[in-house]
Novice: 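Before anything else, here's the structure in question.
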Amino acid sequence: MTISTLRIATRKSALALWQAEHVADLLCKAHPGLRVELVPLSTRGDEILDKSLATIGGKGLFLKELEVAMLEGHADLAVHSLKDVPSELEPGFTLPAILPRADAADAFVSNDYSDLTALPLGARVGTSSLRRQAQLRAVRPDLELLDLRGNVGTRLQKLDAGHYEAIVLACAGLERLGLHSRIRSRLSAPTWLPAPGQAAIAIEARTDQPFVLEALAVLDDAETRLAITAERVMNQALGGSCTVPVGAWCTVTEHGLHLRGMVGDVSSGRLLVTEAAASSNDAVALGNAVAQALLAQGAAALLHS
Ligand SMILES: NCc1[nH]cc(CCC(=O)O)c1CC(=O)O
């Protein structure tokens, strides 16, 4: 059976819409004659902006309404930032395609300062990400770390309004929104680790829709899938969610996979870091091995503190 139309469920933020339109373009190119429509939806994660994600129930809140739309037959697929996708999906759903990864680094964004070291003593830095907070603490224990939620545009407005000397965002999101010029410097591996799956776009669909899955699978990037598998397995083995400061970065070369993992503590800025290598067939084992090594270093105490 050939599919004539695919409907993409997406959140309504500028970044989510860009990503959904990007997938729509790729699908149209891959399947000439296919109609692709966007189904923009609001999620609880978008609506509740005054509480931390940890308090309101974590990352799943950005997926739920999109999954309901697929279950009710209003949409055939959903497009997500992979780093917002919980390591365990709801039953009945799968990720048939992971797109090639963009720049996974974080961005130091500031109107007055060129990088982290240039910030004055006690400067205010905005980020609600515990991973970013712990890594900031580790290099600059003097900084005042302040919460900052909302979509990318809102966060930049709060910086420009003078609430912070600097904020930290993902380079990939800024690039996609045409905001490359806001990146003053990159916070990148190996010294600074991104979130598991950062900068990769994931397509989600129902496991019981074989023709949809087949149409989507052509967009899958094998190398990115290997890397994010190792990173997400590590995160899951650490009991990971967005409520703990965990960073991961897996590279893929002709020699195989190399994974660097981090668990941090926000209050002390203490970071545990481990790395290991494996062959391309062993992404899952590599993720588990790095998680076990972090636990052996004492990660459990940090994760449950
Ligand atoms: N948590 C929100 C979110 N989810 C994905 C991205 C960036 C794009 C990506 O990582 O693919 C962002 C914004 C940010 O962290 O600055």
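Counting starts at 1 for both ligands and their atoms, in listed order. Quick note: residue numbers are just sequence positions, from 1.
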Novice: Restricting to side-chain hydrogen bond (donor to acceptor under 3.5 Å, both in side chains), what partner residues turn up for S185, sequence neighbours left out?
Specialist: none

Novice: If we set the cut-off at 4.0 Å for heavy atoms, which region of L169 has an atom near ligand 1: side chain, backbone, both, or neither?
Specialist: both

Novice: Which of the numbered atoms in ligand 1 are below 4.0 angstrom from a heavy atom of Q198?
Specialist: 10 (O)

Novice: Please give me the minimum heavy-atom distance between T224 and L99, naming the atom from each residue.
Specialist: CG2-O, 3.4 Å

Novice: Quick test: of every protein heavy atom, which one is nearest to atom 11 (O) of ligand 1, and how far off is it to 0.1 Å?
Specialist: R176 NH1, 3.0 Å

Novice: Between L116 and L143, is the side chain to side chain contact (heavy atoms under 4.5 Å, CB included) condition met? List the steps.
Specialist: CA-CA 10 Å; L116 207 45; L143 297 176; 4.2 Å; yes

Novice: Hey, does R132 have a side-chain heavy atom less than 4.5 Å from the side chain of L145?
Specialist: no

Novice: Under a plain distance cut-off of 3.5 Å, with no hydrogens placed, do Q19 and S81 share a side-chain donor-acceptor pair?
Specialist: yes

Novice: Are more than 12 heavy atoms, taken from residues, nucleotides or ligands other than E90, located less than 6.0 Å from that residue's CD atom?
Specialist: no

Novice: May I ask whether R131 places a heavy atom under 4.0 Å from ligand 1?
Specialist: no

Novice: Write out the residue and atom name of the closest protein heavy atom to atom 9 (C) of ligand 1, then the distance separating them to 0.1 Å.
Specialist: A199 N, 3.4 Å

Novice: What residue and atom, counting heavy atoms only, is the protein's closest point to atom 13 (C) of ligand 1, and at what distance?
Specialist: V152 CG2, 4.2 Å

Novice: Residues in side-chain hydrogen bond (donor to acceptor under 3.5 Å, both in side chains) with Q135, at least two apart?
Specialist: none

Novice: What part of A170, side chain from CB on, backbone N/CA/C/O, both or neither, has a heavy atom under 4.0 Å from ligand 1?
Specialist: both

Novice: For ligand 1, which part of R132 has a heavy atom less than 4.0 Å away: the side chain, the backbone, both, or neither?
Specialist: side chain

Novice: May I ask you to check if ligand 1 and K83 share an N or O to N or O distance below 3.5 Å?
Specialist: yes

Novice: Among I201, V109, D84, whose heavy atom sits nearest atom 4 (N) of ligand 1?
Specialist: D84

